[in-house]
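Side chains included, hydrogens not; waters and symmetry mates left out as well; all remaining heavy atoms used.
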Amino acid sequence: MIKVGITGGIGSGKTIICAAFEKLCIPVYYADPRAKALMNNDPAIRQGLIDKFGPLVYNNDGLCRDKLASIIFTNKDAIEYVNSLVHPAVAADFIKWSNLHTDKPYVMEEAALLFESGAAQHLDCVITVSAPLDIRLNRVMLRDNASPEQIQKRMDNQWPEEEKIRQSQFVIFNNEKESLLKQINNIHLELQMLSARKK
Ligand code: ATP
């Protein structure tokens with residue numbers, strides 16, 4: 001079983017493409033919701049956040065995300081501290097989850113910040129989902145009812161698409177011109193072959 005990352009900028013279409021891989025019976029690990037769950041429940045993360053930011057970052061429902069965000073907002077050291085707790089915990093959780101799927105030719109890890117977080121280093125290969133900026137902006141404005149400025153702010157935390165593509169083994173063009181299903185099926189076949197060769 002090989003481990004495949006899938007990434008791409010905001011609104012590139014990672015989620016709908018992962019749903020297509022799931023239809024092909026490929027398990028997908030969604031890093032962002034898993035990270036959120038770990039920040040609520042993982043005792044080491046909880047203790048690390050309380051040690052640094054005080055007990056009020058948690059309440060009975062779990063982590064107060066807005067409170068934490070307001071503390072670490074624009075504070076680079078604090079953001080790095082949070083990442084130093086969360087990224088290794090997600091990596092360990094992904095390995096544990098992957099071990100439940102060793103009967104599959106490959107599993108996928110979906111993350112918007114797959115390269116930025118360092119997670120890509122632990123994977124066999126990466127797919128970047130590519131889409132033109134104007135299409136991505138329009139999609140997210142519609143999906144999230146967000147302003148272009150709010151979306152741009154989220155984009156500013158992400159590597160440029162060209163850099164992600166440069167470091168990827170596969171690209172899926174979700175530009176509403178090329179067939180997504182054809183591209184997904186071709187990559188699925190290649191990944192199955194790669195996996196068989198690795199055995
Ligand atoms: P994020 O990083 O914000 O989670 P994402 O990369 O997962 O974004 P999606 O949520 O899959 O992106 O897609 C963004 C929006 O664009 C969704 O509403 C989705 O339904 C729509 N979309 C994506 N690809 C296409 C397409 N080829 N045709 C029409 N709509 C699309």
What distance separates Ile184 CD1 from Leu191 CG, expressed to the nearest 0.5 Å?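 Reported value, rounded in 0.5 Å steps: 11.5 Å.
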Quick one: pull up CD1 in Ile10 and NZ in Lys153 and give me the separation to the nearest 0.5 Å.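 NZ of Lys153 is found 12.5 Å from CD1 of Ile10.
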Could you tell me if the side chain of [Y] sits less than 4.5 Å from the side chain of [X], heavy atoms only?
X: His122; Y: Phe94; answer: no
X: Asn157; Y: Glu116; answer: no
X: Pro105; Y: Ile26; answer: yes
X: Leu114; Y: Leu123; answer: yes

Looking at every non-hydrogen atom in both residues, tell me the closest pair between [X] and [Y] and how far apart they are.
X: Arg46; Y: Asn40; value: NH1-O, 3.6 Å
X: Glu161; Y: Val129; value: OE1-O, 4.1 Å
X: Ala112; Y: Gln158; value: CB-NE2, 4.0 Å

Is the closest basic N to carboxylate O distance between Arg166 and Glu163 below 4.0 Å?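 Judged by the 4.0 Å cut-off on N to carboxylate O distance, Arg166 and Glu163 do form a salt bridge.
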What I want to find out is whether Asp32 reaches Lys14 closely enough, with some N-O distance under 4.0 Å, to be called a salt bridge.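 The answer is no: the pair does not qualify as a salt bridge.
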Going by ring-ring contact (aromatic ring centres under 6.0 Å, His included), name the pairs with one or both residues in residues 129-175, residues two or more places apart or in two chains.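 Listed once each, the pairs are Phe115-Trp159.
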With sequence neighbours excluded, what pairs up with Lys36 under the salt bridge (charged side-chain N to carboxylate O under 4.0 Å, His left out) test?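 Expected list: none.
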List in chain and number order the residues that pass salt bridge (charged side-chain N to carboxylate O under 4.0 Å, His left out) with Arg139, two or more places apart in sequence or in another chain; answer none if no residue qualifies.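 Partners of Arg139 under the salt bridge (charged side-chain N to carboxylate O under 4.0 Å, His left out) test: Glu176.
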Please check if the side chain of [X] supplies one atom and the backbone of [Y] the other of a donor-acceptor pair under 3.5 Å.
X: Arg136; Y: Gly11; result: no
X: Asn174; Y: Ser12; result: yes
X: Ser168; Y: Val171; result: no

Could you list the donor-acceptor pairs under 3.5 angstrom formed between side-chain atoms of residues 79-90 and any protein atom two or more places apart in sequence or on another chain?
{"unit_1": "Tyr81", "atom_1": "OH", "unit_2": "Gly48", "atom_2": "O", "d": "2.7"}
{"unit_1": "Ser84", "atom_1": "OG", "unit_2": "Tyr81", "atom_2": "O", "d": "2.6"}

Please report, to 0.1 Å, the donor-acceptor pairs under 3.5 Å made by any side chain of residues 54-64, with sequence neighbours excluded.
{"unit_1": "Tyr58", "atom_1": "OH", "unit_2": "Met39", "atom_2": "O", "d": "2.6"}
{"unit_1": "Asn59", "atom_1": "OD1", "unit_2": "Asp61", "atom_2": "N", "d": "2.8"}
{"unit_1": "Asn59", "atom_1": "OD1", "unit_2": "Gly62", "atom_2": "N", "d": "3.3"}

Residues which pass side-chain contact (heavy atoms from CB on, under 4.5 Å) with Thr102, listed by chain and number, not counting sequence neighbours: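 In terms of side-chain contact (heavy atoms from CB on, under 4.5 Å), with neighbours along the sequence ignored, Thr102 is linked to Met1.
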If you measure only the distance, is there a donor-acceptor pair under 3.5 Å linking the side chains of Asp156 and Gln152?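 The criterion, which ignores hydrogens and geometry beyond distance, is satisfied for Gln152 and Asp156.
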So Ile45 and Leu49, side-chain contact (heavy atoms from CB on, under 4.5 Å) or not? Walk me through it. CA-CA 6 Å; Ile45 296 181; Leu49 293 179; 3.9 Å; yes
Can you tell me which residue among Ile6, Val126, Ile17 is in a side-chain contact (heavy atoms from CB on, under 4.5 Å) with Met108?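 Only one of Ile6, Val126, Ile17 forms a side-chain contact (heavy atoms from CB on, under 4.5 Å) with Met108, namely Ile6.
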Report the residue from Asp93, Ile2, Val107 that forms a side-chain contact (heavy atoms from CB on, under 4.5 Å) with Ser98.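 Output: one option passes, namely Val107.
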Does atom CG of Asp134 have more than 12 heavy-atom neighbours, drawn from other residues, nucleotides or ligands, at distances under 6.0 Å?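 It does: Asp134 CG has more than 12 such atoms within range.
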